[in-house]
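Model, not experiment: these values are computed from the prediction. Just so it is clear: chains get the letters A, B, ... in the order the sequence lines come, proteins before strands, and each one is counted from 1.
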Amino acid sequence: MNYEDVMKLALERGFYFPSCEVYADAHAGFWEYGPSGVGLKNKFLELWRRELVRRDGMLEIDGSQIMSKSVFEASGHLGNFADPIIKCTKCNSTFRADRTIAEIAQVEIPESADLNEFDNAISQNNIKCPKCKGDFDKTKKFNMMFKVGIGPQEEEAYLRPETCQSIFVDFPRLFKTMRGKLPLGIAQVGKSFRNEIAPRQSLLRLREFYQAEIEVFCNPKKLQEVENFLEIEKIVIRVQIDSEPVSMTCKEAVESGIIPNKFVAYYLGILTEFYEKTGVDISKSRFRKLGDKEKAFYAEVAFDFEVETTIGWLELVACNYRSDYDLSSHSTKSKEKFEVMDNDEKVLPHVFEISMGIDRSLYTILEHSLKDDKEHERIVLSLKPYLAPIHVGILSLVKKDGLKEKTDEIFLHIKRKFDVFLDHSGAIGRRYRRLDEIGAPFAITIDHQTLEDETVTIRRRDSMEQTRIDVNEVDSILSESVAFP
RNA sequence: GCGGAGUUAGUUUAGUCUGGUAUGACGUCAGCUUCCCAAGCUGAAGGCCGCGGGUUCAAAUCCCGCACUCCGCACCA
């Protein structure tokens with residue numbers, strides 16, 4: 001199913017929809033999750049915690065979304081996150097100053113250079129607008145961060161453009177108080193904010209979005225010593241260095257030098273394992289190694305985890321080896337000590353980052369799970385049972401003859417244990433279809449026989465098969481079936 | 001931000017050229033019927049026709065501006 005099918009489902013079934021939609025001044029790039037979307041998101045994050053955070057005893061924090069100016073001076077976002085842009089006075093087209101100058105005049109000016117340098121280069125080389133030959137206005141900086149004013153003096157602060165800065169600035173306290181030992185993973189889920197020029201495609205490019213980030217602090221001398229590497233060495237990952245992704249085990253990737261060390265390979269391995277469990281089609285995934293021009297300003301080695309969808313390859317996770325870029329800049333700026341002891345050695349840890357885009361991941365899960373079952377004339381959202389917003393529908397075959405009352409009774413018994421949807425109205429087939437569309441893996445139907453012998457039928461979403469079970473078994477069967485793997 | 005195409009009920013859609021406040025389908029709700037896979041019947045709710053302005057006796061329809069959505073370019077540390 002394609003982008004439009006997913007969009008239709010999202011709007012009709014309460015997965016997500018535009019923010020502030022009743023007002024005409026609603027801005028682009030802001031979307032809300034409805035009940036089904038929240039259910040899916042919460043379960044996705046629970047899986048993330050199980051598969052990545054708890055697996056290695058990482059620490060999870062929840063930091064502020066508004067952070068002080070100093071944080072972003074140190075992180076480099078105030079300097080580097082801003083692009084030098086030039087605007088044509090005639091047609092209003094906007095271009096990156098450094099790239100346009102490089103293209104037309106073959107003059108390389110670093111993007112962090114003083115704005116005058118761009119203006120001088122433009123006038124010296126007589127650079128005109130590539131579209132309409134108009135003159136350019138003076139170079140300006142466009143910063144992607146949202147600035148906010150704190151208190152009555154409106155002191156300068158920013159909405160964080162990535163969640164990880166709190167992890168870096170909290171690192172000294174966490175390491176000391178949480179009995180930290182390298183390698184130490186610190187994780188965070190939360191909102192980040194970027195003032196995108198052209199937000200588009202609903203959840204895929206937002207101005208306010210969720211990230212799940214993990215920063216692993218490590219001793220850079222020990223990148224080949226990974227205790228748990230055996231656990232993942234046989235996991236097959238798809239790595240793209242040149243034009244085509246190649247499948248290989250984590251072990252092969254390290255031995256061939258395609259992945260620089262066991263440390264990085266380990267995380268690419270567990271990340272693959274995680275996404276496999278979300279229901280994303282791993283055969284359509286790749287870790288794409290980024291070239292020097294594509295990498296973020298802080299990254300030494302970078303792999304993007306990308307997944308193919310009907311609208312192309314989507315970047316779901318950025319895996320960056322950030323070296324000591326962050327800790328050393330925060331250390332210099334704040335004068336706080338960020339070095340820690342690793343056994344007898346004092347080290348400024350390096351950082352490997354797994355920066356996950358949650359919204360994009362949820363979209364991909366929806367697209368890869370949504371099936372058009374033509375044979376049975378139905379749309380089925382084949383979510384993994386543990387990710388389904390609704391685990392089970394509780395249905396009365398008909399309302400009369402006391403079946404409604406019996407159904408309500410069974411519903412009351414399990415409604416606090418599972419995500420349950422009670423439905424009495426309309427034809428039974430229609431109710432099954434409705435459950436199929438929101439991805440409920442099971443339906444329990446109460447019929448006349450239930451009143452006689454306390455048995456119900458359980459229907460499975462994907463196969464549409466039904467079996468009769470004892471009412472007393474419902475709890476245990478569901479518990480087992482919707483449990484996280 | 002530039003260029004193009006759009007925006008009508010929860011979803012989808014007719015009507016726009018040729019001005020007279022809107023059509024169908026699906027969905028939703030209630031009732032009847034049926035009683036295990038979108039059946040049928042009856043009824044109902046649901047629309048500032050994206051927002052604002054202009055022209056006109058009269059605007060979903062014509063004109064202008066804006067917003068949003070999608071596509072292409074650019075951007076995506």
Which nucleotide in B/rU11, B/rU69, B/rC68 has an atom nearest any side-chain atom of A/Leu11 | B/rU11
Checking N1-N3 plus N6-O4 or O6-N4 for Watson-Crick, or N1-O2 and O6-N3 for wobble, each under 3.5 Å, the partner of B/rG72 is B/rC2
Looking only at side-chain atoms of A/His27, point me to the closest of B/rC68, B/rU34, B/rG1.
-> B/rC68
Same-atom distance (P) from B/rA58 to B/rU21, integer angstrom | 14 Å
Close N/O contacts between protein and nucleotides 47-49 of chain B (under 3.5 Å):
none

When all nucleic acid strands are considered with a 4.0 Å heavy-atom cut-off, which category describes A/Ala198: base, sugar-phosphate, or nothing?
-> base
Picking from B/rA74, B/rG10, B/rG31, which would you name as closest to the side chain of A/Lys399?
-> B/rG31
Got a donor-acceptor contact below 3.5 angstrom from the A/Arg360 side chain to the A/Leu204 backbone?
-> yes
Pairing partner of B/rA14, by Watson-Crick or G-U wobble and under 3.5 Å for both distances, is none
Give the rounded distance in Å between these two atoms: CG of A/Leu370 and C1' of B/rU11.
-> 15 Å
Measure the distance from CH2 on A/Trp313 to P on B/rC76 and round it to the nearest whole Å.
-> 22 Å
Can you list the steps and then say if A/His413 with A/Asp475 is a side chain to side chain donor-acceptor pair (under 3.5 Å)?
-> CA-CA 9 Å; A/His413 266 102; A/Asp475 200 334; over 6 Å; no
Quick one: look up who B/rG52 pairs with, Watson-Crick or G-U, both distances under 3.5 Å, and put none if it's unpaired.
-> B/rC64
Residues within residues 19-26 of chain A bordering RNA chain B, heavy-atom distance below 4.0 Å | A/Ala24, A/Ala26
Side-chain atoms of A/Ala28 come closest, of B/rA74, B/rC71, B/rC68, to B/rC68
Nearest-Å distance, CG (A/Asn195) to P (B/rC76)?
-> 14 Å
Given atom CG of A/Leu316 and atom P of B/rC76, what is their separation to the nearest angstrom?
-> 19 Å
Would you call the rings of A/Phe338 and A/Phe171 parallel, tilted or perpendicular, where under 30° means parallel and over 60° means perpendicular?
-> parallel
Between A/Met7 (CE) and B/rU69 (C1'), how many Å, whole number?
-> 9 Å
Does the pair A/Tyr3 and A/Thr309 meet the rule for a side chain to side chain donor-acceptor pair (under 3.5 Å), with working shown?
-> CA-CA 8 Å; A/Tyr3 177 81; A/Thr309 68; over 6 Å; no
Partner of B/rG19 under the Watson-Crick or G-U wobble criteria, both distances under 3.5 Å, comes out as none
Pairwise P distance, B/rU12 and B/rC71 [rounded to whole Å] = 15 Å
Ion pair A/Arg286/A/Glu306, N-O distance below 4.0 Å = yes
Grab the CZ-P distance between A/Arg200 and B/rG3 for me, whole Å please.
-> 13 Å
Taking atom P in both B/rG53 and B/rC73, what distance in whole Å separates the two?
-> 38 Å
Side-chain donor-acceptor distances from residues 209-217 of chain A under 3.5 Å, at least two apart:
| from | atom 1 | to | atom 2 | distance (Å) |
| --- | --- | --- | --- | --- |
| A/Gln211 | OE1 | A/Thr163 | N | 3.0 |
| A/Gln211 | OE1 | A/Ser192 | OG | 2.7 |
| A/Gln211 | NE2 | A/Ser355 | OG | 3.4 |
| A/Glu213 | OE1 | A/Thr163 | N | 3.0 |
| A/Glu213 | OE1 | A/Thr163 | OG1 | 2.5 |
| A/Glu213 | OE1 | A/Cys164 | N | 2.6 |
| A/Glu213 | OE2 | A/Ser355 | OG | 2.7 |

Across all strands shown, which nucleotide pairs with B/rA44 by Watson-Crick or G-U wobble geometry, both distances under 3.5 Å?
-> B/rU28
Flag yes if more than 12 heavy atoms outside A/Glu4 fall under 6.0 Å of its CD atom; otherwise flag no.
-> no
Could you pull out the closest heavy-atom pair between A/Ala302 and A/Asn320, with the gap in Å?
-> CB-OD1, 3.2 Å
Spacing of the C1' atoms in B/rC57 and B/rU69 (rounded, Å) = 36 Å
Considering only the C1' atoms, how many Å lie between B/rA59 and B/rG50, rounded to the nearest integer?
-> 16 Å
For atom C1', what is the distance between B/rU18 and B/rA44, given to the nearest Å?
-> 36 Å
Quick one: label A/His448 by what it contacts on the DNA or RNA (base, sugar-phosphate, nothing), any heavy atom closer than 4.0 Å.
-> nothing
Select from A/Gly29 and A/Glu12 the residue whose nearest nucleotide in RNA chain B is closer to the 5' end of that strand.
-> A/Glu12
Comparing nearest nucleotides in RNA chain B, the 5'-proximal residue of the pair A/Ser425, A/Glu315 is A/Ser425
Rounded to whole Å, the NZ-P distance (A/Lys404 to B/rA30) equals 11 Å
Just say parallel, tilted or perpendicular for the rings of A/His391 and A/Phe418, cut-offs at 30° and 60°.
-> perpendicular
Does A/Asp373 come within less than 4.0 Å of A/Arg433, counting only side-chain N to carboxylate O?
-> no
In whole Å, what separates the P atom of B/rA30 from that of B/rG20?
-> 38 Å
Only distances under 3.5 Å count here; give the side-chain donor-acceptor pairs of residues 425-432 of chain A to other protein atoms, sequence neighbours excluded, each with its distance to 0.1 Å.
| from | atom 1 | to | atom 2 | distance (Å) |
| --- | --- | --- | --- | --- |
| A/Arg431 | NE | A/Ser425 | O | 3.4 |
| A/Arg431 | NE | A/Gly426 | O | 3.3 |
| A/Arg431 | NH1 | A/Ser396 | O | 2.7 |
| A/Arg431 | NH1 | A/Asp423 | O | 3.0 |
| A/Arg431 | NH2 | A/Ser396 | O | 3.1 |
| A/Arg431 | NH2 | A/Leu397 | O | 3.4 |
| A/Arg431 | NH2 | A/Gly426 | O | 3.0 |
| A/Tyr432 | OH | A/Thr445 | OG1 | 2.7 |

All N/O donor-acceptor pairs, side-chain side in residues 22-42 of chain A, below 3.5 Å, sequence neighbours left out:
| from | atom 1 | to | atom 2 | distance (Å) |
| --- | --- | --- | --- | --- |
| A/Glu32 | OE2 | A/Ser19 | OG | 2.8 |
| A/Tyr33 | OH | A/Asp359 | OD1 | 2.6 |
| A/Ser36 | OG | A/Arg13 | O | 2.7 |

A/Gln201 has an atom CD; how far is it from atom C1' of B/rU69, in whole Å?
-> 11 Å
Salt-bridge criterion met for A/Glu437 and A/Arg434 (N-O under 4.0 Å) | no
On the 0 to 90° scale, with breaks at 30° and 60°, tag the A/Tyr275-A/Phe44 ring pair as parallel, tilted or perpendicular.
-> tilted
Nucleotide by nucleotide, nucleotides 36-44 of chain B touches protein heavy atoms under 4.0 Å in the pattern (B base, S sugar-phosphate only, - none) BBBS-----
Considering only atom P, compute the distance from B/rG6 to B/rC48 and round it to an integer number of Å.
-> 23 Å
